[in-house]
Each structure stands twice: as C-alpha cells, then as structure tokens.
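No experiment lies behind these values; they were computed from the predicted model shown. Values below: every heavy atom of this structure, side chains too, minus hydrogens, waters and symmetry copies.
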Amino acid sequence: MAILVIAEHDNQTLKNVTLNTITAATQIIGDIHVLIAGFNCGNVAEQAAKISGISKVICVDNELYQHQLAENTSELIASLSSDYQHIFAPATSNYKNIMPRVAAKLDVAQISDITKVLSEDTFERPIYAGNAIATVQSLDSVKIITVRTSAFSEVSYSENSVEIITVAALSDSGLSQFVSEHVEKSDRPDLSSAKIIISGGRGLGSSENFVLLEKLADKIGAAVGASRAAVDAGYVPNDKQVGQTGKIVAPQLYIAVGISGAIQHLAGMKDSKKIVAINKDEEAPIFSVADYGLVADLFEVLPILQEQL
Amino acid sequence: MKILVAVKRVIDYNAKVRVKSDQTDVDLANIKMAINPFCEIAVEEAVRLKEAGIATEIIAVSVGPKACQEQIRSALALGADKGIQIETDHISDSLNIAKLLAKVVKSENIDLVIMGKQAIDSDNNQTGQMLAALLNCGQGTFASKLEIKDQKVLVTREIDGGLQTLSLNLPAVITTDLRLNEPRYAALPNIMKAKRKPLEVKTPQDLGVELKQHTKLLKVAEPSKRQGGTMLNSVDELIEKLKSEIQGI
Ligand SMILES: Cc1cc2nc3c(=O)[nH]c(=O)nc-3n(C[C@H](O)[C@H](O)[C@H](O)COP(=O)(O)OP(=O)(O)OC[C@H]3O[C@@H](n4cnc5c(N)ncnc54)[C@H](O)[C@@H]3O)c2cc1C
Ligand SMILES: Nc1ncnc2c1ncn2[C@@H]1O[C@H](COP(=O)(O)O)[C@@H](O)[C@H]1O
C-alpha cells in the first residue's frame, strides 16, 4: 500500500525537512505520495514533483489551507487516509500541531518524533529528553508518524517530474480563525537545515551582546540558535530555542557559547557531528559532550573569532 | 467560565533517568516525581483567569495510579478548586487519555481546557490536539499568550519562524508553551487548604471509556554515549580547529 508524506512549505517553496521525511518513508515498502495543502501553492507542487523516489503529488490549493490551521488541515488529511497504511509528516511545529488531530479522527495512535524505522510497524523514538530510546510497535491499521528530520538524510531531486493530481478542498470547520502572524524574515540559514549552528545562552547577557554572535554567524554562514534561558530573557525570538522542547538539530558543527548544557538543551543538539563549547566555567556540563572545549570569557573570544575566521 | 486543567505526574525535570537493565522501561523506583512543568504553567494560567474574574471554577484532572493524587493536590494548592483522579494502573496511549478527558469535559460542562504542550517523560506532544479532535473544537497549541474576549479565545502560538495569533470559538483546547507565564510557588497555608478541597476518584468504566491498546513498548535502551573530547588551551587552538572543521563542510 502507498505511503502518504505531508510536505512542509510556506506556499512558495518546499522546505527541505520534507526531503528528510521522505527518506524515512522510503524505508517502508510502497509507493510514496506527497501531499501539498496550501494556497497559491502550485510552485511548491511542481517542485515536489521532482523529488526522487516518489510516484505522485497531490495538490489541494485553496484559501482554506493558506495558514494550515489544524482544524481544517487535519480534516483534509483524514479524508485522504483510506488509501494509506502510513502517513508521515516532519515533526515541525506545524505538524506537531496537526497530526495528532488526524490520528484521533482516525481513532489511532500517533508515534511522535521517530529517529529510526525498524519495520513497517516498529520505530525507535527518544523519550525522557533523549535519555532513553524506546522501540515502539504500532498495533493500529493506519500508522500516523512524525519524523525527527535531523535523524534522516535528505532525498535528492531528479530531472523528471511525477504527475500532480489536484483534489478539491473540504468546507471550513469554522472552529478557528487566523488573526495575524509575525514571522522573522532572515537571510541566515534555517536552523533545521543549517550545516553550522552557533548558539548563545544566558552567558551572552543581553540582546545587544547577542549581535556579536550573529555577526560571527554571518561571517561563517551559520544559523543562530539559543538556549531557553536566552529566549526567556528576550535576547532572541522563541523559534531560536534548541532543546527538548524547542528545535532538535544535528548540524555538522554546533558551537555553544555561554551555554551551561542542561539536559533539556543537550537533548536538542547532542547528535550534532562536531560540538564546540566556549564557557568560562570549566565544570559546565556542556564540556562533557563537546569535541572541543575552551574555558574562556566569551567576550574576549568572540571578537577574535570574528577577526580571524 | 469553567476551566479544566490536565496535570500529569512525571519524573522531576532535574532527576537523572536510568534505563532498567532488562531494557523493559526506565527505572522510576525512588526517583523524585513532580507535576509536569508544562501542566504547572497550565494551572497557573487558569488561576490567573480566575483571579481576573473570568474563570469561575478550575478542575484539575490526572489520569494514572493513586500516586498522581499528589500532583492533583499540588494543582489544588496552586489554586484549582476541585480534583478528579481517573484511576488506571498504568498510563496508556495518549488517545485513551484524550478520550477520558473528553468525557470529563462533557460531563462537567467545561468551556476551556488548558494543558501542557508536552509531557517531559513521553515527549509525545499530542494529547491536547487529540482531545480537541474528539471534542470537535478549536485548538491553540504552544500558547505564549491568552486572552478571552466575547466568548472567544485569542491565542498567540509559538511557531517555526515566529508567532501566530488565532481566534478560537469556545469550548477550546489550549496547550501551554514555556513563555505563557511563570508559575508561582504554592504557599504553605494553601498547601494545607488543598488537603480539604474535594478530590473525586473515577474509573474509566465510570466514564464509559474502554481503554484500547494502540502501541506496544518493545524495548527501552540507553542512547549511544558521546565520547568526551579535548579541552583546548588557547583561542589560537580553537581558531585552528574551527578553521579545519569549517573547511571540511
Ligand atoms: C520543561 C522544561 C523544558 C526546557 N526546555 C529547554 C529547551 O528546549 N532548551 C533549553 O536550552 N533549555 C530548556 N530548559 C531549560 C534548561 O533546564 C536550562 O535552564 C537552560 O538550558 C539554561 O540555559 P543557559 O545554559 O543559557 O543558562 P545557564 O544555565 O544560566 O548557563 C549560562 C552559562 O554561561 C556561562 N557564562 C556566563 N558568562 C560567561 C562569559 N562571559 N563567558 C563564557 N561563559 C559564560 C556560565 O558559566 C554558564 O555555564 C527547559 C527547562 C524545563 C523545566
Ligand atoms: N496521564 C495524564 N493525566 C493527565 N493529563 C495528561 C496525562 N497525560 C498527558 N496529559 C496532558 O497532556 C499534555 C501533553 O502530554 P503528551 O501528549 O503526553 O506529551 C500534558 O502536559 C498533560 O496536560
């Protein structure tokens, strides 16, 4: 039976996390169909049609799905579910919001944030902030899965396009209305796909000081992350939080500056390929996961890095 | 307006987790347990709505063995008015929890449900969304701000890239994010008072819910450990290492 993968996009471009999700789906035997639900999202569907290894794109283009409100989008996904035994989505905040609602409508469980596919019904997922790895078997007829995208590589694009079929929208649930959105526009790489991330913690001391870190990030082409303490203190917006309850990342290089390394933070970055930590406290737990650690005052180190890297 | 808060008993966020040597589960014997931090934020928000004269009653519900009455008492000490423990010998799939909560929402005529976005043990992040689906009502997940206005909830949500504001019809389900509020500590007199607040015990049968097993836990293992690395002696060494790493990327 075919597998449905729900694409992450902003109506203009397909997000790379979709490609990691498809890699997870390819570990189950079956055709892969990709759903694009959005508004004026034709470009996204065309982009998706070029993904290697898929056999069909389903596009639902309607104002109702512009902001992908959970109430309407979950109804749509549930209505398409009868053709599928597996529905995969990336574990982004968008699909963390939507997919459990799909599962409940279908009277099945959701297996959240999988990091490994062991068979068509058995998956690995971290629990307790990554301090234990659970192997979970689904006993349901339809498996609703969200994928920790940092644990899977990206599939590539091909020259050829698969067919795009369009499906009509359903009617508005009327349960919720979009009011407004404040999305930071930035030229920096996205946390979820960046190869280098430089993250700051409470040690930075202020949002003005955080600029030091951002300048360095721009110089080396890195994304900027933060600890919860830095977000709570208002140094940076909430979507920069890396950790158990923020973003889970696994870049090639993660540089932690003025971050102590609480388990909730480690949960979000300890699978990075290389970890570098700068902290003035030699006892800071971040050093226990760092490949390279430097005990130093970040205010002395950052300007030198800015100059010499 | 009546508010239901769902509180889960979980390992204290500071406690160290151990995996059992037979790999059947984690070992929670003699480990400090607490109210899930996100549920604490939910209780605080409900109490603030009551202090603002918007909420009239707060009911705290927990599903689990008798021990979870401790966490219900914590919620009562923080300002909830009544507790309900739904007795189950182990904590089952989120969908079952959501079905039990849905019955309480109906029978108690609840207008607004506030719960955590995520339990820090299972890290599921799904029960609130499931409950909203079962109630066929609106959901405001990962909330960092709530406002009640003209029979609607205006909720600001933490999303990838920033913040989103939605307006939901009541009843609705809200799940809390870290920035919604900073929970207070329970004062000693309130802890004493909480002991006399009503706490009902119900079974899934009482609520007419048949628990179904949707998943099976086959194994719980230790994660692979990271090797500790090298401590560098100078910024120069750091620059050298960073240069070679960045070059390789
Ligand atoms: C339910 C829950 C969920 C959570 N989720 C997350 C999460 O997703 N992500 C997350 O990050 N946290 C999370 N936390 C919070 C976590 O427990 C820690 O409180 C937080 O990570 C600490 O952030 P920090 O390391 O920046 O601050 P601190 O622990 O205060 O550390 C600051 C560090 O900076 C160093 N420092 C200070 N000045 C300098 C200087 N001049 N030069 C060099 N070093 C300096 C200090 O030595 C110290 O090690 C969560 C907590 C709870 C309860
Ligand atoms: N056993 C339970 N009893 C009461 N509330 C629960 C229980 N399990 C989950 N919840 C609620 O659902 C939220 C999200 O949990 P989860 O979906 O398991 O991550 C928690 O913060 C609680 O508010």
Side-chain angles (χ1 to χ4, degrees), chain A residues 70-71 74 92-94 96-97 100-101 103-105 108-113 122 127-140 175-184 195-196 220 228 237-239 245 252-253 270 274 276 288-294 296 301 304-305 308-309, chain B residues 11 13 17 19 26 93-95 98 117-118 120-126 129-130 132-134 137-139 141-142 144 154 158-169 178-179 213-223 226 228-232 235 238-239 241-243 245-246 249:
Chain A
E71 296 77 5
S74 62
T92 52
S93 33
N94 193 24
K96 284 178 181 168
N97 183 37
R101 199 168 170 117
K105 280 179 193 291
V108 299
Q110 165 173 291
I111 301 184
S112 304
D113 235 349
T122 306
I127 52 176
Y128 292 88
N131 286 302
I133 307 294
T135 303
V136 185
Q137 182 180 26
S138 162
L139 308 176
D140 289 319
L175 297 171
S176 63
Q177 292 83 40
F178 174 83
V179 177
S180 62
E181 198 161 82
H182 177 78
V183 173
E184 290 285 322
K195 292 197 163 57
I196 309 175
I220 60 177
R228 174 192 173 181
N238 56 277
D239 64 299
T245 61
Q252 299 285 319
L253 177 61
K270 71 179 162 59
K274 280 275 160 56
V276 172
S288 69
V289 300
D291 297 280
Y292 302 114
L294 181 68
V301 176
I304 306 178
L305 295 183
Q308 299 203 17
L309 279 182
Chain B
I11 185 170
Y13 80 97
V17 180
V19 171
V26 295
D93 289 311
S94 303
L95 185 56
K117 81 162 178 181
Q118 178 173 347
I120 60 162
D121 52 359
S122 67
D123 282 335
N124 273 327
N125 195 334
Q126 58 190 25
Q129 298 86 318
M130 289 180 163
L134 299 175
C137 72
Q139 68 186 51
T141 52
F142 327 145
S144 64
L154 212 56
E158 296 199 355
I159 58 168
D160 289 342
L163 296 169
Q164 177 187 65
T165 304
L166 302 178
S167 165
L168 308 174
N169 302 352
L178 296 168
R179 260 69 61 181
Q213 191 182 1
H214 293 274
T215 59
K216 204 163 144 188
L217 185 62
L218 300 182
K219 183 175 150 188
V220 175
E222 292 264 359
R226 248 194 122 86
T230 334
M231 293 306 280
L232 306 174
V235 185
L238 177 66
I239 286 170
K241 293 291 182 202
L242 284 175
K243 274 189 177 156
E245 289 300 331
I246 293 168
I249 295 167

For A:Val276, is it the side chain, the backbone, both or neither that has a heavy atom under 4.5 Å from a heavy atom of chain B? side chain
For A:Gln177, side-chain hydrogen bond (donor to acceptor under 3.5 Å, both in side chains) partners two or more places apart: B:Lys152
Please classify the contact between A:Ser288 and chain B as side chain, backbone, both or neither, with a heavy-atom cut-off of under 4.5 Å. backbone
Which atoms of B:Val235 come close to chain A, meaning under 4.5 Å heavy atom to heavy atom: side chain ones, backbone ones, both, or neither? both
Between A:Ile196 and chain B, with a heavy-atom cut-off of 4.5 Å, which part of the residue counts as in contact: side chain, backbone, both or neither? side chain
Heavy-atom contact with chain B under 4.5 Å, split by part of A:Gln308: both
A:Ser112 side chain to A:Gln110 side chain, donor-acceptor N/O pair below 3.5 angstrom: yes
Most chain B-contacting option - heavy-atom pairs closer than 4.5 Å, from A:Asn97, A:Leu253, A:Val183: A:Asn97
Per-residue tally against chain B (heavy atom, under 4.5 Å) across A:Leu294, A:Asn94, A:Thr122, A:Leu309 peaks at A:Leu294
Is it true that the side chains of B:Asp123 and B:Gln118 contain a donor and an acceptor less than 3.5 Å apart? yes
For B:Glu158, the option from B:Arg179, B:Gln164, B:Lys117 that meets side-chain hydrogen bond (donor to acceptor under 3.5 Å, both in side chains): B:Arg179
Given B:Leu168, B:Leu166, B:Val220, the one with more heavy-atom pairs under 4.5 angstrom with chain A than any other is B:Leu166
Test of understanding: with side-chain hydrogen bond (donor to acceptor under 3.5 Å, both in side chains), list the residues that count as partners of B:Lys241, not counting sequence neighbours. none
If we define contacts as heavy-atom pairs under 4.5 Å, which of B:Leu217, B:Ile120, B:Asn125 has the most with chain A? B:Ile120
Show your working on side-chain contact (heavy atoms from CB on, under 4.5 Å) between B:Leu163 and A:Asn238 and close with a plain yes or no. CA-CA 8 Å; B:Leu163 296 169; A:Asn238 56 277; 3.4 Å; yes
Greatest number of non-hydrogen atom pairs under 4.5 angstrom with chain B, of A:Ala296, A:Ala290, A:Ala103, falls to A:Ala290
Given a strict heavy-atom distance threshold of 4.5 Å, which part of B:Gln139 is in contact with chain A: side chain, backbone, both, or neither? both
Most contacts with chain A, counted as non-hydrogen pairs under 4.5 angstrom, among B:Ser94, B:Ser144, B:Pro223, B:Gly138: B:Pro223
